[in-house]
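Report on the structure given below.
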Amino acid sequence: PPSSAPSKNAAMAELKSRVLTALAKLSDRDTHHIAVEELERIIRAPPSTDAVPMLLNALASDSPGLASPARRESLRLLATLCASHLDAAAPHLHKVLAHLARRLKDPASDTSVRDACRDVAGQLAAVYLRPLSASGVAEAGNATVTLFVKPLFEVMGEQSKAVQGGAAACLAKAVEGAGPGPGAIGMFGKLGPRICKLLGGQGVQAKAALLGVMGSLVRVGAPFLNFVVRAFCSMILLKEYQILEGLANYWSCRILGRSLS
């Protein structure tokens, strides 16, 4: 009925006011815990799924001056929102991942915020990629994988070892979050050669962190041998002895672990 529209709008405005008030309290140590509880209650039981886009936009806003605990908690709450309302949040997944990428690049983000980005990347992958990996529908999986991979590879272009390392950690966690399955090869088959290209270039400072992504690809069953060889060739040509040593140590540990098990 037409009369229900104003009441619905009023309820949404009231809810948005509650969310913004709670978000403002996240940066205050004295009110942080109360704000988290309030936001979790709203996220888990909104008045309707129509509130999900509003909640997502509020949590993904780039408000200046947020303290690290508030930044971390906003990221965690975004993952909770997506997990609690998978279908309603799915059309907005690109916004969530774009926000994560901005947090990685933000000079004000410290190690704890980058670690939160890593954890959220894994949680989101478990929600949106794992079913596709398990089903083996590579075509559908590729489109969703791109939502994760594209912004993180863009972050790898930043000239900061810490930022690049954060992006690599997010990539590794996303691959692990998707998990092994018949669709993993189709979803991640192109990721390995792209990583090898980065390892062979001179603009990437966090090459050691990229080894973690390669290890994650192994664990989910993506084809690996061919781009391990490419990585070795690229690193030998560039005399990346430290990276070679790291890769050798990684495989030595895997072989030793298998022999002991």
Side-chain angles (χ1 to χ4, degrees), residues 1-129 144 147-148 151-152 155 166 170 173-174 177:
S3 59
S4 67
S7 61
K8 183 177 180 180
N9 291 338
M12 192 67 71
E14 180 185 355
L15 180 64
K16 183 175 182 180
S17 177
R18 285 174 58 199
V19 170
L20 295 178
T21 299
L23 286 172
K25 294 178 180 178
L26 280 179
S27 292
D28 189 325
R29 183 180 300 177
D30 295 332
T31 57
H32 179 86
H33 183 67
I34 296 173
V36 170
E37 290 183 342
E38 171 73 359
L39 288 167
E40 285 184 339
R41 278 195 298 270
I42 295 172
I43 285 170
R44 296 188 187 281
S48 73
T49 55
D50 292 340
V52 169
M54 181 275 291
L55 290 168
L56 189 145
N57 288 331
L59 291 169
S61 64
D62 296 319
S63 303
L66 281 180
S68 289
R71 293 166 183 261
R72 293 195 305 268
E73 203 59 50
S74 294
L75 286 161
R76 188 188 69 81
L77 289 167
L78 275 171
T80 301
L81 177 66
C82 290
S84 301
H85 309 283
L86 189 151
D87 293 333
H92 309 281
L93 180 60
H94 66 286
K95 294 182 182 179
V96 177
L97 293 167
H99 174 69
L100 187 149
R102 289 195 299 272
R103 281 287 181 246
L104 286 172
K105 293 189 290 185
D106 190 344
S109 293
D110 58 17
T111 301
S112 68
V113 175
R114 289 191 291 272
D115 287 347
C117 289
R118 175 202 63 202
D119 294 340
V120 167
Q123 292 163 10
L124 292 173
V127 170
Y128 290 104
L129 295 182
T144 312
L147 295 178
F148 285 80
L152 292 174
V155 175
C170 287
K173 205 69 174 178

Compare all side-chain heavy atoms of [X] with those of [Y] and state whether any distance is below 4.5 angstrom.
{"X": "Ser109", "Y": "Leu104", "answer": "no"}
{"X": "Ser74", "Y": "Leu23", "answer": "yes"}
{"X": "Leu152", "Y": "Leu100", "answer": "yes"}
{"X": "Leu26", "Y": "Leu66", "answer": "no"}
{"X": "Pro46", "Y": "Met54", "answer": "no"}

Holding to side chain to side chain contact (heavy atoms under 4.5 Å, CB included), I want the full list of residues that pass it with [X], two or more places apart in sequence or in another chain.
{"X": "Ala108", "answer": "Arg71, Asp106"}
{"X": "Val96", "answer": "Leu56, Leu78, Cys82, Leu124"}
{"X": "Gln123", "answer": "Ala79, Asp119, Val120"}
{"X": "Arg76", "answer": "Val36, Glu40, Glu73, Thr80"}

- Please confirm whether the backbone N or O of Asn57 pairs with a side-chain atom of His99, one donor and one acceptor, at under 3.5 Å?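 No, His99 side chain to Asn57 backbone: no donor-acceptor pair under 3.5 Å.
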Only counting residues at least two apart or in another chain, list the ones meeting side chain to side chain donor-acceptor pair (under 3.5 Å) with [X].
{"X": "His92", "value": "none"}
{"X": "Arg102", "value": "Asp62"}
{"X": "Glu14", "value": "none"}
{"X": "Asp50", "value": "Lys8"}

- Task: Return yes if a side-chain donor-acceptor contact under 3.5 Å exists between Ser112 and Arg72, otherwise no.
- Result: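 A donor-acceptor contact under 3.5 Å links the two side chains.
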- Item | Least distance between heavy atoms, Ile42 atom then Val19 atom |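 Closest heavy-atom pair between Ile42 and Val19: CD1-CG2, 4.0 Å.
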- Partner residues of Arg41 under the salt bridge (Lys or Arg N to Asp or Glu O under 4.0 Å) criterion, sequence neighbours left out: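 In terms of salt bridge (Lys or Arg N to Asp or Glu O under 4.0 Å), with neighbours along the sequence ignored, Arg41 is linked to Glu38.
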- Within 6.0 Å of NZ in Lys16, more than 12 heavy atoms from elsewhere: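 At most 12 heavy atoms, drawn from other residues, nucleotides or ligands, come within 6.0 Å of this atom.
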